[in-house]
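Data first, discussion second: the structure below is written as structure tokens.
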Amino acid sequence: MSASAVDPVARVFAPDAVGRTVRVRGWVLRSRSSGGILFVVLRDRTGSVQVTGRKDVLGPEAFTAAEHVQVEGAILVDGAVADDPRAPGGREVRATRFAVLEPGEPFPIFADQTEEFRLDKRHLAIRSQEHVATFRAKAELLRAFREFLDREDVLETTPPVLSGNAAEGGAEAFEFDYFGRPAYLSQTAQLYLEALLFPNERVYALTPSFRAEKSRTPRHLTEYLHLEVELAWCDLEGLIDFIERMVVFAAHAVAERRPAELALLGRPPAELAALSAPFPRLRYAEAIDRLAAQGLPVRWGSDLGTAEERALTIELRSPIFVTHFPRELKAFYMLRSGDDPRTVEAADLLAPEGYGEMVGGSCRETHLDDLVERLGELGLDRREYEWYLDLRRHGSVPHAGFGLGVERVVRWMLRREHIRETTPFPRTPSRHTP
Ligand code: 4AD
Ligand code: MG
């Protein structure tokens with residue numbers, strides 16, 4: 001049968017649909033039968049609708065077959081659209097024909113099962129309403145990012161994700177055997193984006209990044225989607241301005257285009273629509289003072305971990321930037337600050353409500369000597385970075401860039417408790433299947 005002969009479920013709810021005959025096709029969300037009437041809720045990509053089937057209309061054989069369809073079995077129904085206040089959405093399809101395409105085996109997922117079991121059955125669990133809403137909103141977020149970057153004349157590029165270099169040093173890099181030589185999964189595409197910046201000035205990439213961190217926290221994945229941007233002729237002000245405009249644009253787009261999904265997930269769309277730039281800014285030194293005043297055991301040089309980020313943002317409604325981190329805390333490529341040489345020109349964007357870091361960005365060190373010194377301090381092998389150092393030898397330019405963790409942003413926007421709920425097949429230290 002051709003697809004055009006089938007009506008999307010959403011058509012049942014069109015203003016002029018009542019009284020019309022439709023043909024709908026999809027999967028059974030739930031079903032029951034009583035007194036010779038079958039009640040089935042059918043789902044397709046456009047929505048769900050109640051189908052009723054009477055034994056005297058369908059005939060005893062077809063009725064029995066329909067009664068035996070399992071949850072997630074596939075069916076095709078012809079019927080008339082009718083108003084019925086008892087049906088979800090106020091309408092139903094009264095079946096004149098009920099065809100069982102795939103009756104299915106009993107669906108193994110139902111209420112009150114353990115999280116571990118659901119993760120084992122993730123390939124089936126992702127059919128849930130929450131997951132469908134999450135991944136549709138995520139798709140909208142990705143579309144919005146691309147739209148924004150396109151408008152800003154930033155070129156999409158395709159850096160590699162496997163490399164003989166561990167971009168930011170060994171400990172968190174997944175190493176594997178590459179025909180007898182060591183190779184690594186990308187932690188960041190940044191170094192390649194810096195190379196691609198010279199012929200293009202403004203570049204971005206959306207690639208998976210990998211972190212071999214054994215952090216079992218609600219915000220760490222071992223594989224995540226990384227949106228990275230690199231901008232020539234850009235300073236810290238310019239970088240912060242770019243990041244906040246991008247995040248506001250994306251939040252507004254998701255609020256406008258996926259309000260039903262947001263509402264279902266417990267994020268009122270108005271909260272994202274209300275977001276506006278500029279975001280508050282805080283220097284690292286001020287952040288430390290604030291945290292110390294709240295009684296946290298921090299001093300100059302302490303890293304801001306989950307507890308610190310939470311304390312800084314739990315009461316906030318807007319993301320905030322933390323800037324000017326101590327040089328020792330950050331990667332080798334960050335530009336030393338002119339006004340305080342103990343710090344670097346860096347800006348992290350923290351989500352409100354305690355969700356934590358979403359973006360890490362900085363101006364890049366352009367001086368060859370400073371870069372070589374930092375590589376040495378961090379014990380990184382200079383020979384592996386020679387190609388990167390070449391970029392400083394041939395027409396170096398002031399530039400800045402950032403990396404945004406897509407799942408971190410989704411977690412905040414969609415108020416997901418755990419980051420694994422923001423990606424269909426989460427990779428964590430304890431799980432890389434299914
Ligand atoms: O702060 P990070 O480590 O920065 C970089 O990798 C830079 N080289 C990026 C750049 O400037 N091009 O990572 C950037 C972002 C973090 O802010 C966070 O949102 C996300 O990547 N991230 C993770 N997301 C999920 N799981 C993890 N384990 C993550 N580690 C980092
Ligand atoms: Mg970071």
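Residue indices begin at 1 and follow the sequence shown.
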Return yes when atom CZ of Phe425 has more than 12 non-hydrogen atoms of other residues, nucleotides or ligands closer than 6.0 Å, and no otherwise. yes

Quick one: does Asp303's side chain have a donor or acceptor within less than 3.5 Å of a partner on Gly305's backbone? no

Could you check if a side-chain atom of Arg23 sits within less than 4.5 angstrom of a side-chain atom of Leu76, using non-hydrogen atoms only? yes

Is there a donor-acceptor contact under 3.5 Å from the side chain of Thr222 to the main chain of Arg427? yes

Walk me through whether Arg151 and Glu147 qualify under salt bridge (Lys or Arg N to Asp or Glu O under 4.0 Å). CA-CA 6 Å; Arg151 288 186 195 183; Glu147 222 174 286; 3.4 Å; yes

How about Leu196 and Glu230: do any of their side-chain heavy atoms sit closer than 4.5 Å? no

For Glu261, is there any backbone N or O sitting under 3.5 Å from a side-chain donor or acceptor partner on Arg136? no

Indicate yes or no: does Glu365 engage Arg374 in a salt bridge with an N to O separation below 4.0 Å. no

If only atom types and distance count, is the side chain of Glu194 paired as donor or acceptor with the main-chain N or O of Gly401 below 3.5 Å? no

Below 30° counts as parallel, above 60° as perpendicular, anything between as tilted: where do the rings of Phe198 and His399 land? perpendicular

4.5 Å side-chain heavy-atom contact, Val248 and Phe279: yes

Should the heavy atoms of other residues, nucleotides or ligands under 6.0 Å from CZ of Arg310 be counted, would the total exceed 12? no

Counting only heavy atoms from other residues, nucleotides and ligands, does the tally under 6.0 Å from NE2 of His432 exceed 12? no

Atom CD of Glu386: over 12 foreign heavy atoms under 6.0 Å: yes

Does the side chain of Leu304 come within less than 4.5 Å of Asp348's, by heavy atoms? no

Going through the distances and angles, do Arg420 and Thr422 end up as a side chain to side chain donor-acceptor pair (under 3.5 Å)? CA-CA 5 Å; Arg420 68 173 167 247; Thr422 67; over 6 Å; no

Walk me through it: do Tyr224 and Arg408 pass the test side chain to side chain donor-acceptor pair (under 3.5 Å)? CA-CA 9 Å; Tyr224 69 95; Arg408 294 269 182 101; over 6 Å; no

Look at atom CZ of Arg245 and say whether more than 12 heavy atoms of other residues, nucleotides or ligands are closer to it than 6.0 Å. yes

Side chain of Thr217, backbone of Arg219: donor and acceptor closer than 3.5 Å? yes

Any donor-acceptor N or O pair under 3.5 Å, side chains Glu228, Thr188: yes

With distance as the sole test, does Thr46 use its side chain to make a donor-acceptor pair with the main-chain N or O of Ala10 at under 3.5 Å? yes

With a 3.5 Å distance limit and no angle check, can you tell me whether His226 reaches the backbone of Gly405 through a side-chain donor-acceptor pair? no

May I ask you to decide if Arg416's main-chain N or O and Arg267's side chain share a donor-acceptor pair within less than 3.5 Å? no

Does Glu286 form a salt bridge (Lys or Arg N to Asp or Glu O under 4.0 Å) with Arg290? I'd like the steps, not just the answer. CA-CA 6 Å; Glu286 298 167 41; Arg290 213 181 266 191; 5.1 Å; no

Taking C-beta and beyond as the side chain, do Arg143 and Glu140 meet within less than 4.5 Å on heavy atoms? yes

More than 12 heavy atoms of other residues, nucleotides or ligands under 6.0 Å from NE2 of His367: yes or no? no

Tell me whether the count of non-hydrogen atoms from other residues, nucleotides or ligands lying under 6.0 Å of CZ in Arg383 goes above 12. no

Trace of the salt bridge (Lys or Arg N to Asp or Glu O under 4.0 Å) decision for Glu72 with Arg43: CA-CA 9 Å; Glu72 293 298 322; Arg43 174 197 82 232; 2.8 Å; yes

Is a donor from one side chain sitting under 3.5 angstrom from an acceptor on the other, for Ser337 and Glu345? yes

Test salt bridge (Lys or Arg N to Asp or Glu O under 4.0 Å) applied to Asp370 and Arg392, step by step: CA-CA 11 Å; Asp370 287 312; Arg392 305 304 189 256; over 6 Å; no

Which residue, Tyr204, Trp387, Tyr388, forms the ring-ring contact (aromatic ring centres under 6.0 Å, His included) with Tyr192? Trp387

Pick one: which of Val409, Leu275, Thr313 meets side-chain contact (heavy atoms from CB on, under 4.5 Å) with Pro319? Leu275

Check whether Asn165 reaches the backbone of Glu384 with its side chain - one donor and one acceptor, N or O, closer than 3.5 Å. yes

Does Met246 reach the side chain of Leu149, with side-chain heavy atoms less than 4.5 Å apart? yes

Quick check on Arg30: does its CZ atom have over 12 non-hydrogen neighbours (other residues, nucleotides or ligands) under 6.0 Å away? no

Is Glu244 paired with Arg281 through a side-chain N to carboxylate O contact shorter than 4.0 Å? yes

So, do Phe110 and Phe117 have ring centers that fall under 6.0 Å from each other? no

